[in-house]
Amino acid sequence: MNPTRHAAWTALAAHRDALADTTLRQLFATDPDRFTRCSLEAAGLFLDYSKQRVTMETMALLVKLAREAGVEAHRDAMFRGDRINNTENRAVLHTALRAAAPVQVDGRDVLGDVFEVLAQMRDFTGRVRDGLWRGASDQRIRDVVNIGIGGSDLGPLMACAALEPYGHPELRAHFVSNVDGTHLATTLSRLDPATTLFIIASKTFTTQETLANAHSARAWLVEALGEAAVARHFVAVSTNAAEVSKFGIDTANMFGFWDWVGGRYSLWSAIGLSIALYIGMDHFEELLAGAHALDDHFRHAPLDANLPVLLALLGIWNANFLGAHSHAVIPYDQSLHRFPAYLQQLDMESNGKSVMRNGEPVGCATGPIIWGEPGTNGQHAFFQLIHQGTRLIPVDFIAPIHSQHPLGRHHTLLLANCLAQSEALMLGKTEAEVRTELTAQGLRGAALEALVPHKVFTGNRPSNTILCERLTPTTLGALIALYEHKVFVQGVIWGLNSFDQWGVELGKQLAKKLEGELEGAPLQPHDASTSGLIARIRAARG
Ligand code: F6P
């Protein structure tokens, strides 16, 4: 059903108009319990949404919308293993990768398969980490290079960066994704083939970028150590055993997963092999356990006390009722520096859609543009626009209370900045406050009048703050699962299938055709721009 036809949608639009003149300052002034009322804790994550432009009535209407959209039924269908990815006729069961109780797909409990691969990962990662799995010249592995892209790269890369304190002291994790040869070349230039292990991570094992990088990495290794060395230096993670064999990796060195694991939801599967190698299997299982704790919460908590549901609803309120086009995610933790990039794929590949599950156009805005950088860096780059620009940009501030690297007062400064930003966005600075401040500084007359409008902050800009005690494998697992389910709930409300990604296919098909033309094959008819660019590139390359 078109989301705008729900009764709660109409009620929310009227409520938004009624609330138009109410500011966050007023909401805080009139309700001393607002923080308590608008905060929630689950699975080691604490959410404060009191700085969102909502009242209790807004929240009640949003929860009603979730109910009318059938969020509970869809959630149960996902956990049950129904084929909710209707355009690909697949179940969506990344939650089974971190489950404890049986999960059926087509009448078969898939947990046995999951545990089997986890055991294979435990055995392999243990041997590599203990120096028992050795390279072809009998040296221990010191560098692990994950070659993959999209979901086969961003999750493992983000998690390894986030959990660096848990990393094996003698192992380094590298990630090569871009088909730009610079990425592979600069990575390999720092490595010794004799001590390097490549993981070729690709669900389909047909992705152009990954295969190009894998073939070049293989050539680099074979040139140094000979063909026979491949078996000791290459492993694969895929659902496609035939293509893995065709590439020349023995399927004994392959870690499998299943079509019911979407690419952007796959870090919990063997796609997380690089994470498990780097932080060890025990910590990898803590990551799974953290996600499972959040799954349990999502499954069983009532909608109005359900973290991912509330995050989703607040996002819908901001996007569909307050007109926000984008959403900034700002981790106040340097080790989460790839978290926004990871979320970009998770959210934008899932909900960047304009037709509903039934193929009809969706009647409202869907997934927002997700972006962000760690604080405090972002403050000195784009925060000006968030504070005083003409667009409404809701922000998620994410901060661990304790640092992974305590260093003097650094973490106090970091947290103070985090809180200051959300406070400033909420409060703003009124004209009267600006006048008082400037007068106190001795400014008068025309000079004062000229400066006042520039120093006024409208405030009333919404944000969430998400705190955890520390960034650990468990809290990171919960944090990722929180956003996975947020995206899911939003997809349900917008009526989308959040689990396909047909929008990335057209570019892939056209690139395939253009490869040959750039290398001198007869030119095909294109638009004038593309033909002109091909001609220019061909002429310059000779
Ligand atoms: O960009 C499209 C996509 O299919 C993503 O969804 C996926 O994560 C990525 O390509 C990589 O795919 P694969 O793991 O099959 O190489």
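In listed order, ligands and their atoms are each counted from 1. Bear in mind that the values here come from a model prediction, so they are computed numbers and not experimental data.
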Report all side-chain donor-acceptor pairs from residues 107-118 shorter than 3.5 Å, counting only partners two or more places apart or in another chain.
from: Arg108; atom 1: NE; to: Asp113; atom 2: OD2; distance (Å): 3.4
from: Arg108; atom 1: NH2; to: Asp113; atom 2: OD1; distance (Å): 2.6
from: Arg108; atom 1: NH2; to: Asp113; atom 2: OD2; distance (Å): 2.6
from: Asp109; atom 1: OD1; to: Val103; atom 2: N; distance (Å): 3.1
from: Asp109; atom 1: OD1; to: Leu111; atom 2: N; distance (Å): 3.0

Lys508: numbered ligand 1 atoms lying under 4.0 Å from its heavy atoms: 2 (C), 4 (O)
Residue portion contacting ligand 1 (non-hydrogen atoms closer than 4.0 Å) for Thr204: both
Distance in Å, Tyr483 OH paired with Leu311 CG, rounded so as to fall on 0.5 Å steps: 6.0 Å
Proximity winner for atom 1 (O) of ligand 1, if only heavy atoms of Glu243, Arg264, Glu349 are counted: Glu349
Cationic N near anionic O, under 4.0 Å, Arg83 to Asp106: yes
Numbering as shown, the atoms of ligand 1 that approach Ser152 to under 4.0 Å (heavy-atom distance): 13 (P), 14 (O)
The one among Leu154, Asp153, Ile149, Thr206 that brings a heavy atom closest to atom 9 (C) of ligand 1: Ile149
N or O pair under 3.5 Å between Gln345 and ligand 1: yes
Plane angle bin for His485 and Phe79 - parallel if under 30°, tilted between 30 and 60°, otherwise perpendicular: tilted
Atoms of ligand 1, numbered as shown, that sit under 4.0 Å from any heavy atom of Gly151: 7 (C), 8 (O)
Ligand 1 atoms in contact with Val504 (distance to a heavy atom under 4.0 Å): 1 (O), 2 (C)
Contact atoms of ligand 1, heavy-atom distance to Thr207 under 4.0 Å: 12 (O), 13 (P), 15 (O), 16 (O)
Cation-pi geometry met for Arg90 and Phe499 (6.0 Å, 45°): no
Side-chain H-bond candidate by donor/acceptor type, Ser238 with Asn240, under 3.5 Å: no
From CG (Asp500) to CG (Asn86), nearest 0.5 Å: 7.5 Å
